[in-house]
Amino acid sequence: MQETLVYGHNPQEKVVGLHPTEDNKMRIYVRKENSTENIDYNFYPFFFLHDLQYLENFKRRYYKRKLEGNNFFQYIIAFDKWSDMWDCIHNILEMYNKSSLKKALTYEDLPIIYLIPDRQTQFLIQSGITHFKNIGHDEIHRLQISIDKVITPGKKTSNPRRESDRITYIALTDNRGFEAILGKTEKSEKAILQKLINIINKLNPDIIEGFELHNDIIYYILTRCELHNINFAIGRDNSNVKLIEHPLQSRESLQKAKYSVAGRNLIDVVDLLQDYDPNRRIFYNYDIKTVAEHFKFKFQNNPETTSDAATLCIEKNYFVKYLCELFLPSFIEQARIFPLNPGKIIEFPSSHKIELLFVREYVHKKYSLPAPQSSRQISGGYTDLFYIGVFDNVYYIDIESMYPTLILMYNLNPSTDYINVFIDSLKELARLRIHYKNEFLKNKDKKYLFYIQEDFKILINTYFGYLAYHKGLFNDYDKANKITELGQEILKKIIYHIQSQNGTVIEVDTDGVYFVPPYKMESGEAVEKLIKEITNYLPEEINIILGGKYKRFLSYKKKNYAVLKYDDSVQIKGSALISKNLEKFGKVLIQNCISCILREEFYELHIFYKNLYDKIVNHKWNIQDFMRVETLKDPLYKYSNDIQRDQRNRNAAYELAIRSGLDWNVGDRVAYYVTGSDANVKAYENCKFAEEWDPNFPDENIAYYLKRLEEYTRKFEIYFSKEDFSKIFSTSEQKKESFKTIRLLTKKVGKEIISEIEEKDEPEYKIWLSEE
DNA sequence: GCCCGGAGCGC
DNA sequence: AGGCGCTCCGGGC
């Protein structure tokens with residue numbers, strides 16, 4: 001039962017691609033070793049409808065079905081053709097707008113309709129087919145492609161529309177041992193392109209992989225094909241590569257171009273990396289060299305210096321293959337589950353993915369779909385800080401998958417979910433996550449297993465967020481509130497238990513606790529014992545795990561701390577201590593302060609500070625050290641409008657962008673620095689682009705940057721006595737020996753939580769009382 | 001000095 | 001194109 005709920009009710013195996021053929025047909029491709037077989041399916045486009053009166057004017061043929069249950073969308077309406085469905089939508093739009101005060105522009109504004117706008121997705125939902133059932137990852141045929149281009153001297157990049165630019169080489173590799181470099185024997189660019197099209201069609205790959213595949217490789221090839229009057233026909237039906245239109249695209253969300261190839265899947269490695277990056281925050285930009293360095297992938301030829309462009313192209317393919325073998329398996333596993341093609345699985349937010357799982361089952365079982373509840377605020381996790389200071393021998397424990405566990409424990413499914421898809425699918429995805437996690441623990445060299453379990457973890461964590469998602473069809477704010485409430489209670493119980501055993505709880509957040517074990521329990525086994533005790537004292541479904549143990553722990557504020565690990569590395573958390581848009585000198589200063597405090601290297605810190613101060617005062621630094629980089633979040637016209645209407649404050653990055661008169665897009669980054677001589681200048685009135693800074697005539701605002709320096713160091717005032725602090729952060733020479741007497745301070749903060757918990761069963765527990 | 005909203009974090 | 005909680009910042013008053 002769960003099996004078909006999660007994997008879809010259609011057992012069709014080895015589907016590797018699909019595309020519509022006619023307005024009412026979908027063709028699927030099924031892998032057979034070195035070939036594919038195609039099967040055509042009838043397809044009836046559909047949407048959900050609240051009320052049949054909206055169909056009164058529609059004269060074409062349609063099929064209606066009254067659905068089970070009392071949810072808002074009572075009917076499913078199906079059509080013979082995709083175009084009929086859209087005609088009907090337009091009809092409904094007209095009718096709706098006649099009677100409604102608020103005009104609907106597109107189907108998205110129609111509250112009486114639920115429509116999935118993509119026909120492949122609709123087909124997969126209707127048929128219960130998913131990709132890659134019962135096919136080994138190696139059986140899927142994957143082609144890698146990269147290109148080398150001429151850059152006209154004096155230009156930064158190659159432009160396919162420029163006469164003097166062109167493709168020089170195209171490298172092709174696959175996961176079955178094929179390798180080719182086009183451009184070595186082919187005389188002309190035209191010949192290269194024709195050969196490329198031939199090879200792709202002959203190899204017949206299921207997936208095409210590349211670095212910047214859409215915006216660079218395909219865009220470039222397509223443009224050159226047009227120039228040479230060649231059809232870039234690599235579709236499984238011999239159709240051309242198509243640009244995917246985004247009809248509903250607003251000016252604010254300028255999406256980059258995406259292409260599609262009939263029956264094949266395009267995988268851009270950069271999309272995979274973007275999925276990998278956000279929590280890790282490693283890449284500012286995705287140039288292949290930076291990425292290769294991060295993954296310690298060695299090119300035989302140095303991309304910077306080699307003149308062998310052809311070989312370099314092949315090596316790029318090896319890297320693409322390497323990255324895909326790391327990250328693609330997760331999406332292949334997900335494509336077995338969700339009614340989406342692999343490309344969409346990478347693109348789509350996880351809330352959307354799990355919702356499609358629900359919708360598929362509701363279509364299959366012919367049940368009415370709910371409309372979203374109107375949004376309202378819910379409570380969140382419990383966060384608290386008990387101590388500020390530096391502590392030795394700190395442990396971190398957390399509750400494994402707390403929210404999903406609570407949902408399953410208390411059966412907290414949305415009240416609108418008649419057929420229990422929410423709980424049932426969560427149960428199965430959670431089981432799969434454990435499965436992949438265990439597989440990884442058994443085969444630690446198979447890193448891709450780690451990424452699969454990580455992505456499944458994200459999926460199961462999405463279930464909680466979905467309940468409070470304003471656009472979620474099955475959202476349920478009461479249930480969401482219940483979950484956070486239960487989570488808060490459990491966390492407080494854990495805190496209480498540790499405190500009552502005379503452990504020192506330092507800081508807690510949502511589902512985890514940093515603490516120093518009781519004095520007598522410093523050995524590892526004793527901590528295990530403590531964890532076991534806490535576990536016994538909680539509901540049996542709740543699993544507490546040791547998340548880490550640390551040599552030293554620096555507690556700063558709620559959600560802001562740093563740890564010194566046993567391998568001597570330092571890890572810093574929290575927006576007050578690390579932030580992307582701090583100036584580099586500030587970042588380095590804070591890192592040094594934390595590292596030196598954790599290691600008690602106070603003299604070294606003093607020297608570092610003195611040198612930095614000296615550098616600032618004497619302009620002995622570089623623009624990279626003090627510029628700030630900000631990302632434009634809004635288009636400039638919106639910023640200007642908002643300023644005019646007094647709806648937002650001025651901002652240096654936007655002011656500079658406007659002043660430059662250049663074209664700026666959302667997502668562009670502006671690097672700037674502050675000028676003038678007063679420390680309290682308004683940045684937006686005294687700023688310049690980073691590239692305007694001239695080291696021979698430095699005009700950065702020294703007073704301003706010294707003020708920032710003091711602000712950063714002041715964060716660490718709390719850890720020292722007044723005298724010690726001013727000794728360390730002093731610009732005059734201090735005696736080295738005098739630093740030996742420096743002692744770090746700790747401070748108890750925050751209120752007691754103990755009194756909030758009634759523990760009648762355990763009256764013998766000692767209670768820590770606040771000193772306040 | 002206080003208040004506000006946005007950004008950037010943590011979970 | 002899940003959620004909330006916390007801190008910092010710049011700017012306006």
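Order of the sequence lines sets the chain letters (A, B, ...), proteins ahead of strands, with each chain counted from 1.
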5'-most by nearest nucleotide on DNA chain C - Gly381(A) or Lys471(A): Lys471(A)
Can you name the residues that form a side chain to side chain contact (heavy atoms under 4.5 Å, CB included) with [X], not counting sequence neighbours?
| X | result |
| --- | --- |
| Ser350(A) | Ile458(A), Leu459(A), Thr462(A) |
| Asp509(A) | Thr383(A), Glu507(A), Lys559(A) |
| Val629(A) | Met627(A), Arg669(A), Ala671(A) |
| Asn461(A) | Pro404(A), Lys457(A) |

Using a 4.0 Å heavy-atom cut-off across all strands, classify [X] as base, sugar-phosphate, or nothing.
| X | result |
| --- | --- |
| Tyr477(A) | nothing |
| Lys573(A) | sugar-phosphate |
| Ser575(A) | base |
| Phe474(A) | nothing |
| Ser579(A) | sugar-phosphate |
| Asn560(A) | sugar-phosphate |

Could you work out which one of dC11(B), dC6(C), dA1(C) sits closest to the side chain of Thr510(A)? dC11(B)
Pair Tyr403(A) and Tyr463(A), ring centroids less than 6.0 Å apart: no
Closest approach of Ser660(A) to Ala657(A) (non-hydrogen atoms, all atoms of both residues):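 That closest heavy-atom pairing would be OG-O, 2.6 Å.
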Write out a two-atom table: protein N or O, nucleotide N or O from nucleotides 10-13 of chain C, distance below 3.5 Å.
unit_1, atom_1, unit_2, atom_2, d
dG10(C), OP1, Arg628(A), NH1, 3.2
dG10(C), OP1, Arg708(A), NH1, 2.7

Residues in residues 402-411 of chain A with a heavy atom under 4.0 Å of DNA chain C, by number, are none
